[in-house]
Trainee: 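Quick one: structure below, then a few questions.
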Amino acid sequence: SSLLYNNIGVLPAVNNITINNNIISYCLDNCVSAAGITNSKIYQNDISHAGMLTQDRSGISILEFSANNQIYQNVIHDMTDNPGNIGVRGIILDTIGTFGTNYVYQNLVYKCNGTGIDVYASSNQQVYDNVSYGNVGSGFPYDVGIGASGTTGGNLFYNNTTYGNSYAGLYDNPSGSTQGNGDVWE
């Protein structure tokens, strides 16, 4: 995707950024998109209505060789404007393999027509203490609470709560992620 369509776009190789306390809505593409970032924080944002122009987008997208970032205490909701078959996700980690760990925690994600929180083609990510619910509409495997797909492995999911999604609370394909203690999957 082009950074021109993102409401907040961070170019590769930028480190130690902070994106916080924003209301970000009605985005043509991703609302927040960051590629190749390290040691950064995205927190306490209210994000809604991403993907107005194109499906397969997200409220927050962490892409391409990103590591040691924290995504926390965001409220991401109402990602339902694009009815495509993949839909629009709340958060995606698409960091291309085992470059490094990112931490997604204490987020509230609801009413996406794609996956609430998606770990795609990424390994050794940590997703914990999140609530993801009411993600319905685009078709399996895209409307689940929390998903891991592509060439993933070694990801940790723990103390998450998901409910009211079209399909599973957790979708893991290929299998290789770890579901920890305290998860509530419905």
Side-chain angles (χ1 to χ4, degrees), residues 1 6-9 19-20 22-34 41-63 66 69-95 102-122 125-150 152 155 157 159-172 177 183-186:
S1 71
N6 300 306
N7 282 23
I8 297 177
I19 300 170
N20 72 304
N22 297 287
I23 298 172
I24 307 167
S25 292
Y26 297 99
C27 311
L28 296 177
D29 203 85
N30 299 303
C31 284
V32 175
S33 184
K41 296 179 181 180
I42 300 172
Y43 67 98
Q44 296 178 343
N45 298 288
D46 184 309
I47 300 172
S48 63
H49 302 282
M52 300 285 294
L53 183 64
T54 307
Q55 67 166 339
D56 194 16
R57 298 297 181 248
S58 305
I60 298 175
S61 295
I62 305 299
L63 310 166
S66 294
N69 299 297
Q70 298 178 54
I71 298 92
Y72 63 98
Q73 297 176 350
N74 297 287
V75 177
I76 302 172
H77 57 96
D78 295 301
M79 302 295 183
T80 58
D81 297 303
N82 194 311
N85 64 338
I86 295 175
V88 179
R89 295 169 294 268
I91 299 171
I92 188 170
L93 298 176
D94 184 0
T95 61
N102 295 285
Y103 305 88
V104 176
Y105 59 95
Q106 298 175 353
N107 296 286
L108 173 61
V109 181
Y110 63 94
K111 201 175 172 189
C112 299
N113 66 0
T115 300
I117 300 172
D118 193 8
V119 177
Y120 179 79
S122 303
Q125 307 302 304
Q126 292 192 26
V127 178
Y128 57 94
D129 295 333
N130 298 287
V131 176
S132 180
Y133 71 91
N135 302 301
V136 299
S138 65
F140 184 76
Y142 301 111
D143 40 4
V144 300
I146 297 175
S149 59
T152 59
N155 297 306
F157 300 95
N159 295 336
N160 296 290
T161 300
T162 70
Y163 60 93
N165 302 292
S166 288
Y167 294 97
L170 172 66
Y171 175 73
D172 183 13
S177 298
D183 286 316
V184 178
W185 308 108
E186 184 181 301

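Numbers for residues simply follow the sequence, beginning at 1.
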Trainee: How long is the straight-line distance from CG of N102 back to OG of S122, given to the nearest 0.5 Å?
Mentor: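 That separation rounds to 8.0 Å.
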
Trainee: A side-chain contact here means heavy atoms from C-beta on lying under 4.5 Å apart; do N30 and S58 qualify?
Mentor: yes

Trainee: Could you tell me the separation between the CG atom of N74 and the CD1 atom of I24, rounded to the nearest 0.5 Å?
Mentor: 8.5 Å

Trainee: Ignoring hydrogens, what is the shortest heavy-atom contact between V131 and Y163? Give both atom names and the distance.
Mentor: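 In terms of heavy atoms, the two residues are closest at CG1-CE2, 4.3 Å.
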
Trainee: Before giving the answer on side-chain contact (heavy atoms from CB on, under 4.5 Å), spell out for K111 and V136 the whole-Å C-alpha distance, their side-chain angles and the decisive distance to 0.1 Å.
Mentor: CA-CA 7 Å; K111 201 175 172 189; V136 299; over 6 Å; no

Trainee: Can you find a side-chain donor-acceptor pair between T162 and S132 that sits under 3.5 Å?
Mentor: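 On atom types as modelled, these side chains do not qualify, holding no pair under 3.5 Å.
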
Trainee: As a quick check of understanding, evaluate side-chain contact (heavy atoms from CB on, under 4.5 Å) for V88 and C112, giving each step before the final call.
Mentor: CA-CA 6 Å; V88 179; C112 299; over 6 Å; no

Trainee: So V32 and N7, do their side chains get closer than 4.5 Å, heavy atoms only?
Mentor: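 Result no, sub-4.5 Å side-chain heavy-atom pair not found.
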
Trainee: Report the distance from atom CG of L93 to atom OG of S66, rounding to the nearest 0.5 Å.
Mentor: 9.0 Å

Trainee: How close do Q125 and N155 get, counting heavy atoms only, and between which atoms?
Mentor: N-OD1, 2.7 Å

Trainee: Within the 4.5 Å heavy-atom criterion, are V119 and F157 side-chain neighbours or not?
Mentor: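 They are in contact (side-chain heavy atoms under 4.5 Å apart), so the answer is yes.
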
Trainee: Nearest 0.5 Å, what's the CG-CD1 distance between N130 and I71?
Mentor: 10.0 Å

Trainee: If you measure from CG on N159 to OH on Y105, what distance do you get to the nearest 0.5 Å?
Mentor: 14.0 Å

Trainee: I would like to know whether L53 and D29 meet side-chain contact (heavy atoms from CB on, under 4.5 Å); could you show each step before the answer?
Mentor: CA-CA 6 Å; L53 183 64; D29 203 85; over 6 Å; no

Trainee: Between V109 and R89, does a side-chain contact (heavy atoms from CB on, under 4.5 Å) hold up when you go through it step by step?
Mentor: CA-CA 9 Å; V109 181; R89 295 169 294 268; over 6 Å; no

Trainee: Y110 vs Y133 aromatic rings, parallel, tilted or perpendicular, using cut-offs 30° and 60°?
Mentor: parallel

Trainee: Locate the shortest heavy-atom distance separating G59 from C31; write the atom from each residue and the value.
Mentor: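 For G59 and C31, the tightest heavy-atom pair comes out as O-CB, 3.3 Å.
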
Trainee: Supply the atom-to-atom distance H77 NE2 to N135 CG, rounded to the nearest 0.5 angstrom.
Mentor: 13.0 Å

Trainee: Side-chain contact, heavy-atom cut-off 4.5 Å: N69 with I42?
Mentor: no

Trainee: Using a 4.5 Å cut-off on heavy atoms from C-beta on, say whether the side chain of V127 contacts that of N160.
Mentor: yes

Trainee: State, to 0.1 Å, how close T115 and G147 come at their nearest heavy-atom pair, and which atoms those are.
Mentor: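 In this case the closest contact between T115 and G147 is CG2-N, 3.6 Å.
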
Trainee: Between the main-chain N or O of N22 and the side-chain N or O of N45, is there a donor-acceptor pair closer than 3.5 Å?
Mentor: yes

